[in-house]
Amino acid sequence: MNPLDLVIAALRSLRGNLTRSILTILMVTIGVGSVITLVAVGNGTTEQVNKQVASLGASAVFVSPAGDNYGSKSASFTRADRDALASDPLGSAIDLVAPVVDGTSKAVAGSASASPQVVGTTPDYFSITNARLSAGRFFTTTDELTDQSVAVIDATLQTALFPDGSSAVGRTILVENIPLLVVGVLAPTAVDSMYGSMGGVGTFYAPLDLVEATLTGYHELGSIALSATSPAQVDTAKSQAAAIFAARGEATPSFYSSDQLRETLGGTQESLSSLLSSIAAISLLVGGIGVTNVMLLTVRERIREIGVRKALGAGPISLASQFVLEATGLSVIGGALGVAVAGFATLFPINGVMPIVDGATVALAAGLSIAIGVFFGTYPAVKAARMNPVAALRVGV
Amino acid sequence: MTVSRTAIELRNVRRDYGKGDSAVSALDGVDLVIPSGEYLAVVGPSGAGKSSLLNILGCLDQPSSGTLEIAGQTVSNLSERRVASIRNSDIGFVFQSFNLIPSLTALGNVELPMVYAKVGHAERQERALAALKQVGLHGREKHRPNQLSGGQQQRVAVARAIVNRPTFILADEPTGNLDSRATEDVLRIFEDLHGDGATVIVITHEEEVAARAQRVVVMRDGRVERSYRNGAALP
């Protein structure tokens, strides 16, 4: 049997059992479609995590005192620690250093109130964390030196305090009865939107002295934020900082960099992705078993035809190829439709994630669908080819 | 059609089923020579071994012992692929229940043996049309089996059997499912084919069918009981 005749024979018999063929094709379509779509969702999530982490400042390192375990502050930093880090010897990988005191407070604007986080720090903090403004300006060294009561608030806090949607810039908010002039509002980041949707309370940033004088009192620093001279220098910066603390006879503090955040978030995301992919792979397997099932049924139904074809001189290879081709026809049509369905589905965000389809996944899924046809069609086909013609011809007589 | 003078030769062919005490011999040493161009009928009561003989002659089954030669070639210990090729080129099957492929048109069914013989498209169609014309089905090429009467279906089957110009036509109760008119049509086609030099073997239990053949072989208990020529003096 020449190849064209084989293809024609296979298509004809698929058409002969149209409903069953369509249902089997549907199984493969679902399998292939879900593999592509779910892998694309995984890719989209990875991309989103990377963007979130990048928005934090790729060179940022947050240093917490040793033994600072989830709020139980058994140790703390002093300004002398900050100065030691900032002393900037030649060749240091440490670029900017910002002291941080933090706490929570109550903020009021008109009839609205909120309980934001307070961050008292220096203007360098904004550079370190790669902060972006949506309106106004950051507070400056001049503000610090002239004891201005100014604050920069984030988008979440602006929404909480000014629910009518007006800009907070130039407005005064009361924090613990101390009026603060809002000079800038930070642009919402991916992290903000994540925490915001989880009921985040917002944050305001004010000069370190101001926060200490009015809110927290003068005592130790909660943490120190520093930036490496480049993202590649993050690890060097960490070890240099550790060396400085060691030289000062202090315990090694804990470091937290955006890399680690990437790892933490990325790890969660990865396990979720592989879970999704496994589910998709299972549905592809189910589709394949569906193909075998239908082909076994087809072979059983056509025992008589197989007998006749053998009597007319069909060789074992011709017969097996015919059934393998039928199975492959089912899975290839199903695979092509699956690619089309996935192509359409991934045009829209799924659960807030924009899926990213890559060519390799499509090629893999398409290749898999052919492989499914060949693999899952072979057993029924060989069964057909090995059939005893005498017995086959006697069936149903 | 073959140039060999002997189409088929069976020598001491046995076909045993089962082993030991429970073994049953369906064919118990059959010797049969069928010259090329002969029109032969095989008759006998049920259980005489007609079907087993048909399966051996059709290369659908292998003898337990003894030899079968078709057109001078010994058919034994051949690969499945070789046997398939012999069935394709040397044997034209006609079955009691027609056995057309329901999804194919009359033309498609007749083309099938040539598809397996890897005959090209154009030649295939030409020969299939000629064969359908030969059995009087001109104009029914595009009909599917379920759109044809039993007699027409059997004529499509005969066209399919002759289209590859086999060494012999092997018909198994070809008129068993036909009314008397369709039976007459089919038997006339066999006579025409025989007239053109074809070797025709009909396995039947109907006397009027056997009476149309040149020679009749009577089977009993797995053996050839006797053989006689029609038109000659009866033994």
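Chain naming here is simple, since letters A, B, ... match the order of the sequence lines and numbering starts at 1 in each. For clarity, every value in this text was computed on a predicted model and none was experimentally measured.
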So, are [X] and [Y] salt-bridged, with charged N and O less than 4.0 Å apart?
X        : Y        : answer
B/Arg11  : B/Glu9   : yes
B/Asp90  : B/Arg165 : no
B/Glu141 : B/Lys133 : no

For this session: Could you label the plane-to-plane angle of the A/Phe348 and A/Phe344 rings as parallel, tilted or perpendicular, counting under 30° as parallel and over 60° as perpendicular?
Result: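 Correct class here is perpendicular.
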Exercise. Does atom CZ of A/Arg20 have more than 12 heavy-atom neighbours from other groups under 6.0 Å away?
Worked result: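 Yes, the 6.0 Å shell around CZ holds more than 12 heavy atoms from other groups.
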For this session: Select, from A/Ala392, A/Ala311, A/Pro389, the one with the greatest count of heavy-atom pairs under 4.5 Å involving chain B.
Result: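 Of A/Ala392, A/Ala311, A/Pro389, A/Ala311 has the most heavy-atom pairs under 4.5 Å with chain B.
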For this session: Give the member of A/Ala9, A/Ala314, A/Ser13, A/Gly307 that has the highest number of heavy-atom pairs under 4.5 Å with chain B.
Result: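 Maximum pair count with chain B is reached by A/Ala314.
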Problem set entry | Interface residue of largest heavy-atom contact number with chain A, from B/Ile91, B/Asp61, B/Leu170, B/Leu112, under 4.5 Å |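 Maximum pair count with chain A is reached by B/Leu112.
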Exercise. Do you know which of B/His121, B/Lys118, B/Met114, B/Arg160 has the most heavy-atom pairs with chain A at a distance under 4.5 angstrom?
Worked result: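 Heavy-atom pairs under 4.5 Å are most numerous for B/Arg160.
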Exercise. For B/Arg82, is it the side chain, the backbone, both or neither that has a heavy atom under 4.5 Å from a heavy atom of chain A?
Worked result: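 Neither part.
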Problem set entry | Atom group of A/Arg15 that falls short of 4.5 Å from chain B, counting heavy atoms |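 A/Arg15 touches chain B through side-chain heavy atoms alone.
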